Amino acid sequence: MSELSFEQMLEESLKTIRTGEIVTGKVIDVKDDEIVLNIGYKSDGIIPRSEYTNDSNADLRNLVQVGDEMEAKVVKVNDGEGQVALSYKRLAADKGNKRLEEAFENHEVLTAKVAQVLDGGLSVLVDEARVFIPASLVSDTYEKDLTKYAGQEIEFVITEFNPKRRRVIGDRKQLMVAKKAEMQKELFERIHVGDTVEGVVKNVTDFGAFIDLGGADGLLHISEMSWGRVENPKKVFKAGEQVRALIKDISGEKIALSLKFPEENPWVKAADNYAVGNVVTGRVARMTDFGAFVELEPGVDALLHVSQISREHVDKPADVLSIGQEIEAKVVDFNGEDHKISLSMKALQAAPEQADVADVDIDAVADAE
């Protein structure tokens with residue numbers, strides 16, 4: 001048997017590789033744009049920057065060190081220069097796809113960072129495997145601007161897995177819907193009419209404000225915002241503001257809220273503050289032809305009838321009074337049950353001077369003489 005030449009023995013000691021195969025090698029050099037691996041083959045393996053990372057500005061020397069052992073996927077046995085073209089990124093993507101397939105089959109909730117915000121949705125990476133989350137499945141509410149999600153870690157499930165067509169679809173919306181349903185169930189089991197709750201102002205309209213109670217929204221109607229009068233809710237509340245409110249009513253999934261806490265009801269002490277005969281100060285809040293309504297304090301209005309404005313004849317309240325004007329008047333009637341108070345400015349005005357009776361008599365006598 002003839003002896004094998006050194007070259008033949010070396011050739012036989014080196015393994016053979018094929019395109020698509022996974023190889024393990026040791027890093028023998030790191031350059032600006034490529035990583036060189038000894039993969040036990042007659043040629044070294046080369047991983048270009050673009051096949052290692054999606055970051056075109058990444059410094060490979062900070063990511064990989066000489067002597068590191070790593071796996072890679074064979075792209076070409078001969079890259080045209082006698083070396084083996086390798087890809088670390090494609091191997092990671094293959095592993096990622098395997099991970100996604102398992103998650104799809106097991107309905108597993110995944111967490112990943114948003115790699116890119118696209119026109120139609122979000123792109124996330126799971127071990128270098130891409131998942132597309134359409135805009136309609138990003139949230140349970142419509143969101144016009146998705147840029148706030150850039151770089152964020154989000155949870156989602158895989159609802160469609162077809163890597164051959166490069167179609168791997170994620171869904172975040174169903175998780176949010178399910179979570180809110182659970183929170184809603186817990187909320188309704190916990191709350192009762194008369195409870196005090198805390199929430200965050202979600203939206204303000206002309207007729208009221210919607211308060212997020214954590215699982216469901218409660219409506220704080222304009223008529224329940226204060227014991228006094230509120231003209232414009234948007235001047236009172238802003239989105240994001242914390243609110244402490246009273247649960248006034250629960251009807252199905254509808255929650256009615258109120259800021260009219262019973263202990264703050266101004267009518268509780270009104271009988272003492274506005275007893276008949278008391279002189280009070282108030283502000284003209286609104287007027288009609290028959291009188292003016294005077295706010296004595298938030299939630300307590302009194303009627304100043306046109307006949308009680310002055311000892312002189314007044315046609316209409318607007319002829320002598322104006323909205324916002326502060327007036328002083330005497331309480332002439334109090335009805336706590338119906339929340340009605342009547343005022344009189346006239347009662348505080350001095351009676352017109354009367355002629356002296358003695359003088360009149362003397363003159364009359366003089367005339368008679």
Side-chain angles (χ1 to χ4, degrees), residues 192-197 206-209 211 218-237 243-251 255-354:
H192 305 88
V193 172
D195 287 351
T196 299
V197 292
D206 292 336
F207 61 83
I211 313 297
L219 173 61
L220 178 60
H221 193 267
I222 185 172
S223 61
E224 294 295 329
M225 288 183 171
S226 170
W227 283 107
R229 182 178 298 276
V230 174
E231 299 293 342
N232 186 352
K234 294 179 180 179
K235 291 184 178 180
V236 182
F237 296 100
V243 174
R244 176 176 166 270
L246 185 73
I247 296 181
K248 184 181 180 184
D249 186 46
I250 300 174
S251 178
I255 304 172
L257 301 176
S258 176
L259 294 184
K260 292 182 177 180
F261 292 95
E263 64 272 19
E264 298 172 3
N265 187 344
W267 282 94
V268 172
K269 297 180 179 179
D272 293 330
N273 296 337
Y274 310 112
V276 173
N278 284 5
V279 176
V280 296
T281 301
R283 182 184 61 84
V284 177
R286 60 194 189 280
M287 288 186 279
T288 66
D289 287 343
F290 62 82
F293 288 92
V294 179
E295 183 183 61
L296 301 178
E297 65 175 287
V300 179
D301 287 355
L303 173 64
L304 175 62
H305 194 270
V306 65
S307 65
Q308 296 300 313
I309 293 176
S310 174
R311 287 186 176 274
E312 297 179 2
H313 176 73
V314 175
D315 234 3
K316 291 183 298 183
D319 292 340
V320 292
L321 300 175
S322 57
I323 299 295
Q325 179 181 344
E326 192 172 273
I327 60 111
E328 188 177 59
K330 189 174 186 178
V331 178
V332 293
D333 189 43
F334 180 87
N335 185 334
E337 188 175 338
D338 295 333
H339 290 183
K340 289 182 178 180
I341 301 173
S342 296
L343 303 177
S344 174
M345 291 175 67
K346 185 170 72 172
L348 297 180
Q349 298 169 3
E353 292 184 5
Q354 296 180 350

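Everything numeric here is computed off the predicted structure, so don't read it as measured data.
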Once rounded to the nearest 0.5 Å, what's the spacing between atom [atom1] of [X] and atom [atom2] of [Y]?
X	Y	atom1	atom2	answer
Ile222	Arg229	CD1	CZ	9.5 Å
Ser223	Phe207	OG	CZ	11.5 Å
Asp333	Ile341	CG	CD1	9.5 Å
Ser258	Ile247	OG	CD1	11.5 Å
Arg244	Ile211	CZ	CD1	14.0 Å
Met287	Ser322	CE	OG	6.5 Å

Exercise for the section: List the steps and the verdict of side chain to side chain contact (heavy atoms under 4.5 Å, CB included) for Met225 and Leu220. Expected result: CA-CA 7 Å; Met225 288 183 171; Leu220 178 60; 4.0 Å; yes
Problem - Greater than 12 external heavy atoms within 6.0 Å of Glu337's CD - result: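 Atom CD in Glu337 is not packed in, count stays at 12 or less.
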Exercise for the section: Please say whether more than 12 non-hydrogen atoms of neighbouring residues, nucleotides or ligands are located less than 6.0 Å from NZ in Lys248. Expected result: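 Atom NZ in Lys248 is not packed in, count stays at 12 or less.
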Flag side-chain contact, heavy atom, 4.5 Å: [X] against [Y]:
X	Y	result
His305	Ser342	no
Leu304	Ile309	yes
Thr288	Phe293	yes

Smallest separation among heavy atoms of [X] and [Y], with atom names:
X	Y	result
Ile323	Ala285	CD1-O, 3.5 Å
Pro266	Glu297	CB-OE1, 3.4 Å
Glu328	Val279	CG-CG1, 3.6 Å
Leu257	Ala245	CB-CB, 4.2 Å
Gly194	Leu246	O-CD1, 3.3 Å
Ile327	Ala329	CD1-CB, 4.0 Å

Exercise for the section: Scan Arg286, His339, Arg283 and name whichever one has a side-chain hydrogen bond (donor to acceptor under 3.5 Å, both in side chains) with Asp301. Expected result: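 Testing each of Arg286, His339, Arg283 against Asp301, the sole residue satisfying side-chain hydrogen bond (donor to acceptor under 3.5 Å, both in side chains) is Arg286.
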Exercise for the section: Assess whether side chain to side chain contact (heavy atoms under 4.5 Å, CB included) is satisfied between Val243 and Leu259, documenting all intermediate values. Expected result: CA-CA 9 Å; Val243 174; Leu259 294 184; 4.1 Å; yes
Practice task
Report the relative orientation of the aromatic rings in Trp267 and Phe334; use parallel for angles under 30°, tilted for 30 to 60°, perpendicular for over 60°.
Solution key: tilted
Practice task
Dump the intermediate steps for side chain to side chain contact (heavy atoms under 4.5 Å, CB included) on Leu343 and Gln308, then the final yes or no.
Solution key: CA-CA 7 Å; Leu343 303 177; Gln308 296 300 313; over 6 Å; no
Exercise for the section: Under the side chain to side chain contact (heavy atoms under 4.5 Å, CB included) rule, what do Ile255 and Val197 come out as? Steps first, then yes or no, please. Expected result: CA-CA 11 Å; Ile255 304 172; Val197 292; over 6 Å; no
